[in-house]
Amino acid sequence: MPELPEVETVARELRPHLIGRQITKATVYWPRSIACPSAEEFSKLVCGRRILNVARRGKYLLFPLADGWTLLIHLRMTGNLHVQPTEHPLNRHTRVILSLDDGYTLRFTDQRKFGRLWLTQTPEAIVGKLGPEPLDPSFTARDLATRLWGRRAPIKAVLLDQRCIAGLGNIYADEVLFAAGIDPRRPANSLTDTEVHRLHAAIRTILAEAIRAKGSTLRDYRPPTTGSGQFQAHLQVFRREGKPCPICGTPVQRVRLAQRSTFFCPHCQR
DNA sequence: ACCACAACCTGGCCGC
DNA sequence: TGCGGCCAGGTTGTGG
């Protein structure tokens, strides 16, 4: 599922269930879901520690634990997290279960097994490479301009680069470029000042609206608990090839860019 | 610094 | 019904 709005939604929904809980047991069904340390070390180290907070940075979830440890989770394409009672039946794609001290469990499911968990004392080593949080007030249009400067790659490819800005993925990159009226194939360094300002505004507006709608729900695979997002109803171009542009009626076009399907209006996006 | 491509995985869908 | 090919909201590593 997850780009910034979806990960933010997961964090918000998990927070009240997890803050203050102690982890009593870890069960790893797919050891490679644990990126670091080994699955055995992970289980040993995570047990007995209390969850102090639930936070998000880019598309990462951060769970600061007692004693300076942090649990980090990246959902990648199909990862999901649910809080369920201990006796709740196992989902077929369950990869890791953390038992809590209140009779509930935090379950990580992941059909495609791309998602990863880390247990670390230095989370900055992982999330420190990320670009700025687009919704942070300190992220300005000037900041964006600096980051685009000197980059000749297509603007869409640069928006997907997490070191440039953290949190945009394929859906929201397309939607943001549509809202800003910018052709996704344009070299990033060819954007005018006005366009960078429009892009900056679009990034913030679209992400904020998507969070308000609790993100987008696109594929049918989506276990319950996490209330389904509603932003898919607001998508203007993403996966709408051939359908009329909501502004001018021109059929939405699809191209391959940075190895990803890219949707845009050839008339409104110049 | 950039691009293309493969790899990591599972499963749905489409056409034959 | 079966099979091959293509697609999927992400990231990393390789080689050119």
Side-chain angles (χ1 to χ4, degrees), chain A residues 1-10 29-36 56-61 72-81 91-96 108-118 125-131 134 147-178 184-190 203 206-207 210-211 213-223 226 228-242 254-263:
Chain A
M1 20 171 314
E3 298 181 33
L4 187 151
E6 291 76 26
V7 179
E8 177 63 28
T9 301
V10 171
Y29 297 90
W30 185 255
R32 287 159 77 177
S33 293
I34 311 294
C36 190
R56 177 193 60 74
R57 175 78 174 90
K59 300 175 192 170
Y60 288 85
L61 287 157
L72 246 109
I73 301 181
H74 197 301
L75 303 171
R76 295 280 175 94
M77 298 286 266
T78 53
N80 222 324
L81 289 165
N91 177 294
R92 169 151 84 111
H93 302 298
T94 303
R95 308 303 177 198
V96 180
F108 172 69
T109 62
D110 187 15
Q111 181 200 109
R112 289 175 73 181
K113 301 176 175 172
F114 289 167
R116 291 290 179 268
L117 287 73
W118 294 257
I126 296 163
V127 298
K129 301 163 193 158
L130 297 173
R147 291 173 170 276
L148 300 183
W149 188 77
R151 298 201 56 171
R152 284 170 298 172
I155 182 63
K156 159 131 183 205
V158 175
L159 291 182
L160 291 177
D161 181 350
Q162 301 299 299
R163 294 165 306 181
C164 180
I165 309 168
L168 289 176
N170 211 28
I171 300 179
Y172 297 106
D174 281 4
E175 291 298 316
V176 151
L177 287 167
F178 174 77
R185 302 165 292 189
R186 293 262 307 279
N189 64 357
S190 75
I203 289 171
I206 301 265
L207 290 178
I211 289 173
K214 298 181 188 265
S216 305
T217 311
L218 257 44
R219 305 205 77 75
D220 26 20
Y221 173 72
R222 166 170 252 278
T226 320
S228 50
Q230 294 304 319
F231 194 73
Q232 66 279 8
H234 303 278
L235 298 177
Q236 309 287 291
V237 288
F238 188 73
R239 291 210 197 149
R240 295 181 57 81
E241 182 182 18
R254 167 179 169 153
V255 295
R256 200 86 182 160
L257 198 48
Q259 282 71 250
R260 316 296 300 277
S261 280
T262 299
F263 303 85

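Every chain is numbered from 1 and lettered A, B, ... according to where its sequence line falls, protein lines coming before strand lines.
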Shortest side-chain distance from A:Gln162, nucleotide among B:dC9, C:dA8, C:dT11
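Selected nucleotide: C:dT11.
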Quick check for you: among C:dT12, C:dC7, B:dC8, whose closest atom lies nearest to any side-chain atom of A:Ser261?
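For A:Ser261, the side-chain atoms sit closest to C:dC7.
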[N] phosphate, OP1 or OP2: any side-chain N/O from [X] under 4.0 angstrom?
| X | N | answer |
| --- | --- | --- |
| A:His93 | B:dG11 | yes |
| A:Lys113 | B:dC8 | no |
| A:Lys59 | C:dT11 | yes |
| A:Arg116 | B:dC8 | no |
| A:His74 | C:dT11 | yes |

Report all interatomic pairs (protein N or O, nucleotide N or O of nucleotides 2-5 of chain B) with separations under 3.5 Å.
from, atom 1, to, atom 2, distance (Å)
B:dC2, OP1, A:Arg151, NE, 3.3

Expressed in angstrom and rounded to an integer, what is the separation of [X] atom [atom1] from [N] atom [atom2]?
| X | N | atom1 | atom2 | value |
| --- | --- | --- | --- | --- |
| A:Lys156 | C:dG10 | NZ | C1' | 12 Å |
| A:Trp30 | B:dC8 | CH2 | P | 11 Å |
| A:Met77 | C:dT11 | CE | C1' | 10 Å |
| A:Arg260 | C:dT12 | CZ | C1' | 13 Å |
| A:Arg239 | C:dC7 | CZ | C1' | 9 Å |
| A:Ile126 | C:dT12 | CD1 | P | 10 Å |
| A:Asp110 | B:dC8 | CG | P | 16 Å |
| A:Phe114 | B:dG11 | CZ | C1' | 12 Å |

First of A:Lys129 and A:Arg112 reached from the 5' end of DNA chain C, by closest nucleotide:
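With A:Lys129 and A:Arg112 compared, the 5'-side residue is A:Arg112.
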Please report the distance separating the [atom1] of [N] from the corresponding atom of [M], rounded so that it comes out in whole Å.
| N | M | atom1 | result |
| --- | --- | --- | --- |
| B:dC5 | C:dC7 | P | 13 Å |
| B:dA6 | C:dG5 | P | 14 Å |
| B:dG11 | C:dT11 | P | 22 Å |

Would you find a donor on one side and an acceptor on the other, under 3.5 Å apart, between the side chain of A:Lys59 and the backbone of A:Leu168?
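Confirmed, A:Lys59 side chain pairs with A:Leu168 backbone.
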Okay, side chain of A:Gln236, backbone of A:Phe178: is any donor-acceptor separation there less than 3.5 Å?
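No, A:Gln236 side chain to A:Phe178 backbone: no donor-acceptor pair under 3.5 Å.
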Go through it in stages, so that I can follow the logic: the residues are A:Thr217 and A:Gln230, the test is side-chain contact (heavy atoms from CB on, under 4.5 Å), and I'd like the CA-CA distance, side-chain angles, deciding distance and then a yes or no.
CA-CA 7 Å; A:Thr217 311; A:Gln230 294 304 319; 5.6 Å; no
Spacing of A:Tyr60 atom OH and A:Ile73 atom CD1 [to the nearest 0.5 Å]:
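Interatomic distance, A:Tyr60 OH to A:Ile73 CD1, rounded to 0.5 Å: 12.5 Å.
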Look up atom CD1 in A:Ile171 and atom CD in A:Glu6, then write down how far apart they are to the nearest 0.5 Å.
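So the gap between those two atoms works out to 5.5 Å.
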Opposite nucleotide pairing with B:dC9, Watson-Crick or G-U, both atom distances under 3.5 Å
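Check on B:dC9: unpaired, no WC or wobble geometry under 3.5 Å.
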Please classify the nucleic acid contact of A:Arg92 as base, sugar-phosphate, or nothing, using heavy-atom distances under 4.0 Å.
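It contacts sugar-phosphate atoms only.
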Under 4.0 angstrom, heavy atoms only, what part of the nucleic acid is A:Tyr172 near: base, sugar-phosphate, or nothing?
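Nothing, no heavy atom under 4.0 Å.
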Stepwise, does the side-chain contact (heavy atoms from CB on, under 4.5 Å) test hold for A:Tyr172 with A:Phe231?
CA-CA 11 Å; A:Tyr172 297 106; A:Phe231 194 73; 3.7 Å; yes
Cut-off 3.5 Å, side chains only: do A:Ser261 and A:Arg254 have a donor facing an acceptor?
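There is such a pair between these side chains.
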Would A:Asn80 and A:Asn91 count as a side-chain contact (heavy atoms from CB on, under 4.5 Å) if you check the C-alpha gap in whole Å, the side-chain angles of each, and the deciding distance to 0.1 Å?
CA-CA 11 Å; A:Asn80 222 324; A:Asn91 177 294; over 6 Å; no
